[in-house]
Amino acid sequence: MKTSIHDIKILDIPIVKERRGNLAVIEKEVIPFEIKRVYYLFDVPSKSKRGGHAHKALSQFLIALSGSFDVVLKDGEDVVVETLNDPSKGLLILPGIWRELENFSSGAVCLVVASDVYFEADYIRDFITFKKWKSTS
Ligand code: TYD
């Protein structure tokens, strides 16, 4: 799998700004995949780590709806850390990228928009296996 951390993008989410408040819309023009599933992480203890895996085929778009958290991204060679703290921006993670979510602030909510339904066989949950898979697939 040829994807690298350089393929990771922070995308702007269109916002309808009004004095009554802001409204953010994620439509097919915003993200480069068809949305099949949406889930969210909330009430995450500050010392807790989520993720710790890669996906073989799934693409995801992560948004800090509230609060903040760090996403550590690895492609087997390089590492980058993106802090998400703005509900008008989202992090696009293509398949074949290892991710770890940490440093959740109090009240943080991580919305995940995904390109497919939940499928455990799409996960690689061991980093050594991930590195081997990156170099051979
Ligand atoms: P996991 O994807 O490992 O969570 P995270 O990346 O946030 O640490 O999933 C945690 C558990 O939840 C695991 O047992 C699988 C289950 N799960 C579902 O049943 N459906 C889903 O859509 C997701 C994302 C997870």
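The structure displayed is predicted, hence computed values, not measured ones. Counting convention: from 1, in listed order, for ligands and their atoms alike.
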message: I want to check something: taking the side chain as every heavy atom from C-beta on, are L62 and L101 in contact at a cut-off of under 4.5 Å?
response: yes
- prompt: Between H55 and I93, does a side chain to side chain contact (heavy atoms under 4.5 Å, CB included) hold up when you go through it step by step?
  reply: CA-CA 10 Å; H55 285 282; I93 309 178; over 6 Å; no
message: Can a donor-acceptor pair be found, under 3.5 Å and without considering hydrogens, that links the side chain of R125 to the backbone of H53?
response: no
message: Among all protein heavy atoms in this structure, tell me which lies nearest to atom 10 (C) of ligand 1, with the distance rounded to 0.1 Å.
response: R50 NH2, 3.8 Å
Protein residue, atom and distance nearest to atom 2 (O) of ligand 1, heavy-atom basis: Y123 OH, 2.5 Å
- prompt: For atom 8 (O) of ligand 1, which protein heavy atom lies nearest, and how many Å away is it?
  reply: G51 N, 2.8 Å
message: As a test of the contact definition, would atom 12 (O) of ligand 1 count as having a protein heavy-atom neighbour under 4.0 Å?
response: no
- prompt: Relative to ligand 1, is R37 under 4.0 angstrom through side chain, backbone, both or neither, heavy atoms considered?
  reply: side chain
query: If you measure from each heavy atom of R125 to ligand 1, is any distance below 4.0 Å?
result: yes
Residue part near ligand 1, for L41, under 4.0 Å between non-hydrogen atoms: side chain
- prompt: With a 4.0 Å cut-off on heavy atoms, is H53 touching ligand 1?
  reply: yes
message: What I'd like to find out is whether the side chain of E82 reaches to under 4.5 Å of the side chain of R99, using heavy atoms alone.
response: no
message: Determine whether a donor-acceptor pair (N or O, by modelled atom type, separation under 3.5 Å) exists between the side chain of S105 and the backbone of S68.
response: yes
message: Assigning hydrophobic clusters by single linkage (Ile, Leu, Val, Met, Phe, Trp, Tyr; side-chain heavy-atom cutoff under 4.5 Å), is I13 placed with V113?
response: yes
message: Does E77, at its CD atom, have more than 12 non-hydrogen atoms belonging to other residues, nucleotides or ligands within less than 6.0 Å?
response: no
message: Considering non-hydrogen atoms of the protein only, which is the closest contact for atom 15 (C) of ligand 1, and what is the distance?
response: Y118 OH, 3.3 Å
